[in-house]
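Notes follow once the structure below has been shown.
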Protein chains: 2
Amino acid sequence: MATAGRSGVGTNQEDVRRHNLGTALGHVHRAGRISRAELTARMGLNRSTIAGLVAELESLGLADQAKPSGTRIGAGRPSVDVKARTGAYVLAVDLRVDGLTVARVGLGGVVRARATGPVPADHDPYAIADSVVDLMRLVVRDVEPDAALVGVGLGVPGIIRGDDGLVRLAPNLGWHDVPFTKILSERLGPIAMPVLGNDADLGALAEHLRGAGVGVDDLVYLSGEVGVGAGVIVGGRKLEGAGGYAGEIGHMPFLPDGKLCHCGARGCWETEIGAPAIALAIGCPAEQVGALGEFLEGVHEATPDLRAVGRHLGRGLAGAVNLLNPRVIVLGGYLRSLFPLVREDVDAELQVHGLAAPREQVLVTLPGLGGDSVLHGAAELAFEPLLADPVGRLATACLDVDSALAG
Amino acid sequence: MATAGRSGVGTNQEDVRRHNLGTALGHVHRAGRISRAELTARMGLNRSTIAGLVAELESLGLADQAKPSGTRIGAGRPSVDVKARTGAYVLAVDLRVDGLTVARVGLGGVVRARATGPVPADHDPYAIADSVVDLMRLVVRDVEPDAALVGVGLGVPGIIRGDDGLVRLAPNLGWHDVPFTKILSERLGPIAMPVLGNDADLGALAEHLRGAGVGVDDLVYLSGEVGVGAGVIVGGRKLEGAGGYAGEIGHMPFLPDGKLCHCGARGCWETEIGAPAIALAIGCPAEQVGALGEFLEGVHEATPDLRAVGRHLGRGLAGAVNLLNPRVIVLGGYLRSLFPLVREDVDAELQVHGLAAPREQVLVTLPGLGGDSVLHGAAELAFEPLLADPVGRLATACLDVDSALAG
DNA sequence: GGTATACGTTGTGGCAAACAACAAACGCGT
DNA sequence: ACGCGTTTGTTGTTTGCCACAACGTATACC
C-alpha cells in the first residue's frame, strides 16, 4: 500500500478541493503573507483556480487580501497579497519539568499572547491539567470576538502513544501510562480535543517549518531536556513509527557496559550526554539539573570532562547521520548551551564516525527559534487538522472560548 | 512544505486520473488478481469509476478481466476479476559480491525467467555491466511479441546517490564513486533507464510489498551481506534521507574503542556482527566469507562466540527499535542463517535495551521471500514509475527488447 | 506618455467522479 | 423449479473543479 503513493486509496474530486484549499492555507500560514502570484507558482495551479481558493479562504475568515506591501521588482501589475487572519488561532502548551508555558498562536505562527507558570511540585497530572487550563484562561482573555479556536497542542517530555495520546512514559515527570489527553480533554469539554506530542518531535516540526530547517525536508532535532530525545523529519514528513514512539535516540546503545540508565539498560547514549552526566562534568549541583541550560550559560571554558561529553555527542550524532542522512541536525534544550563550548570535539568525532556520503550533507546547528521550538511545534501540531481540511475543521471550531473556559 | 501533505503542490484533475489509475494498477500488481468489487472497497471510489479505470488498464494492455475464480461466499452477482497482464514486465538485477542474478518479472510480481552468472573477479564495473546485459539477453529470449519492458531495476551492495544513481561507495566491490547507472545505461541505450537501489533498501521494499511485512507500514530490513545495511520503511514509504543514503545502520557507533572498521572509524556495529566477525566466531575460512550464509547453514550449535554475536545483534537491534519503532524487523542475508541459532540471545538483549513501548510492538523475523528479497525489490523499484503514471510510462516502454539487445 | 509586462477577472469548456436507474448473476428458501 | 433478496455491472445524467482564453488593469521602464 505504499509505492503508488497515498496508501492505496483513490482520489475524489472533493478531495482535490480539500487538498488544494488546505495546501493554499498552508502556504499562507507558513509565509504569513504571500502574493497570489507566488501561490500560483508554488502550487502549480491556474491563476483563476488560485483566485477561487483565496476567495474561499477569505469567506471562511482564514485570510485577507491586501494591497502588495514589499518593494516591487520588475514590471507588470503587482499581485495581491494574501495575509493569514490571526483570528483563527490555536492554544499551544509547552510542558516542561521546570515550567509551563501556554500561548495563543494565530494563523501564520504569530504568538498573540503567552503566559507561564510553575509546574505543581508533585507532577500530579490532574493538578498540571488544572494549571494548563488556568493559563489558557489568561491568554484568551483579550481575544477578538470573532476569533475561532481551531486546535490545542501540547508538547510533553515523554513517550506518547500515537492513537490516543496516552503518555506511556515521562521519566522526568514520573509518569507511567498517564492518560493526560483524556484528563485535559475532560477539562476542555467541547472547546477542542487536545493533541499531545513528544517535545523533541514538536521541536523538529517547528524548526522544519519556521526555524533552522526551513526548506529542508530531512532534519533531526535533538532535544536535551533531562534525557535526550530526537524528533525526525524525513522526506518532509514526521517520522512516527508504528505506535508514534520513534525518535528515542537517547536510548541508542552506546557503551557495552556503561552506566545504568533509568530505562533499565546500561550504556544508553543518554547516560553519557544526558543532563546528569553534564552536571557531573561541570560541577552543577544535582538540584539544578532541571535548569542545566542556564547553568551552562555561565560556563565559558570547556573542561576536559566537558570535552569528553562533546566527543560522545559527536559520536552519537554520527550514528544518526549514518542511519537517517539528514541535511540539518538542530541541537535544542541544554544542548543549545553546550554545543558552542564543544563544537570542535563534536565535529571531530562526526568526521571520524560519519560516513563520507551523508556526512558531507549534514549541518549541525542551533535552533532558529531559540527556546521556543517546542511551543511553536505544539502550535503547528494543533494547526495540522485545519490545514488538512479547512472547511471541516472550522465546522468544529470554538468561537467563544473565553466564556467556555470560565464556566 | 510538509504538513498539508504532498509537499505543497496543488492537485490537478489530470493528476487525479493519473493517481487513481496508478493506484488501481498498484492494487492489481500487488494482488496479482483482484475483484473489481474489492478494488472499489479498497480505493473508496464509485463502482462506475472503477469500471472506467479497469477498462483503461485493459486497453493499455496492463490488465485483463476474467470470470471470477475463487469459491464465492454469500449472495449476489459475482464480481469480475482483474488480472495483471504479465506482458508488461521489468528486468531485475541482484548484484552481489559472489554472484549475479537477472530476472524478468511480470506485472503482478511473477518471475517469468531468471538467469545467474558469476561476477567478474576484478569487479570491474564495465565488465559487470557487460555480464548484466548478457544475462538480460537470456531472460528476454522467449518473451511474448507484444510484451513491453517498462523498467530496469538493480540492487547493489553499496551507497547509492539518489539523484543520479552514482555508487558512492561499495566496499565489497571495491567501488568508489562509480557511475554504474551511466555505464549500464550506455549499454542499454533507449531500451530503458536503469534504476539503482541499495540492496537493503530493496530488501525492505520487497518484504514490505510481498514478504514478511505485507500490510505493515513500518519495517526494517537488515541485510547481512559482508557488511550490514538496513532498509527502512516508515509510514509506508522508503526512508531515503537527503541524498538517498539513509539506512547505513552498520556504521552506528557501538563500541567506544572497538575494532577498526573499513569505513575508517572504530567500533561500528558492523565490526561485531559483520561477516568477518562471524567467520571468526565459527571458524569459517577467510576465503569463504562471501558465502558465509551457506557456511552457517552447516552450523547447528551456537558456540559461546556466536552467542556473543547474537547479543551484539540484539543490542544493536534495540537501537533501531528505539529510534525507528518498526513493527517488523526482517533479517536478511547471512543473518537469515544466523538468527535461528542465536534467537534467544537476540531476544534477551532486545528485552534489556529496548524501551517497553516500542519493544512491545516489534517482531523480529526472517524474510518471507527467502533469498530473493533483493531481486524482488529491484523489480518493484523498476515498476514504481509505471504505478505512478501508467500512461506516461508506457509511452516510453520498449516493445522489442530482444532485438534491441542483440544489436 | 506610450509600451511592455504581469496579474486579476470573467465566461466557457472539458474531464473525472458521483449518482441513479436498470439489468444481470448468484445464493437461498420454498 | 421458481421467486426473492442481494450484490454487482452498465448506462446515461449530473455535479464540481480546474484549465484556458480573452479581456481589463495596474505597474515599471523608456
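Just so it is clear, the model here is predicted, and its values are computed rather than measured. Order of the sequence lines fixes the chain letters, A, B, ..., with proteins taken first and strands second; residue numbering starts at 1 for each chain.
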Under 4.0 Å from any atom of DNA chain C, heavy atoms only: list the residues of residues 32-41 of chain A that qualify, in numerical order. A:Arg36, A:Ala37
Does atom CD (A:Glu144) have a neighbourhood of more than 12 heavy atoms from anything else shown, all under 6.0 Å? yes
Taking atom [atom2] of [N] as reference, at what distance in whole Å does atom [atom1] of [X] sit?
| X | N | atom1 | atom2 | answer |
| --- | --- | --- | --- | --- |
| A:Leu45 | D:dA19 | CG | C1' | 10 Å |
| B:Gln65 | D:dG9 | CD | C1' | 10 Å |
| A:Lys67 | D:dT25 | NZ | P | 13 Å |

Salt bridge (Lys or Arg N to Asp or Glu O under 4.0 Å) for A:Arg85 and A:Glu58? Distances and angles first, verdict last. CA-CA 9 Å; A:Arg85 194 182 290 175; A:Glu58 204 170 11; 5.6 Å; no
Using the side chain to side chain donor-acceptor pair (under 3.5 Å) criterion, which residues pair with [X]? Sequence neighbours excluded.
| X | value |
| --- | --- |
| A:Asn12 | none |
| B:Ser48 | B:Asn46 |
| A:Ser185 | none |
| A:Thr49 | none |

Five pairs per end, C1' atoms only: what is the angle between the end axes of the helix from C:dG1-D:dC30 to C:dT30-D:dA1, to 10 degrees?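 What I find for the helix from C:dG1-D:dC30 to C:dT30-D:dA1 is an axis angle of 10°.
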Is any side-chain nitrogen or oxygen of B:Asn20 closer than 4.0 Å to OP1 or OP2 of C:dA16? no
[X] side chain: which of [options] is closest?
| X | options | result |
| --- | --- | --- |
| B:Asn12 | D:dA22, D:dT27, D:dA19 | D:dA19 |
| B:Ser79 | D:dA19, D:dG9, D:dC17 | D:dG9 |
| A:Arg77 | C:dA17, D:dA26, D:dC18 | D:dA26 |

Within the 3.5 Å criterion, strictly below it, is a donor on A:Gln13 or B:Gln13 matched to an acceptor on the partner's side chain?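 Per modelled atom types, A:Gln13 and B:Gln13 side chains form no pair under 3.5 Å.
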Could you tell me whether the side chain of B:Arg104 reaches within less than 4.5 Å of the side chain of B:Leu91, counting heavy atoms only? yes
Heavy atoms under 4.0 Å, any strand shown: does B:Arg47 hit a base, just sugar-phosphate, or nothing? base
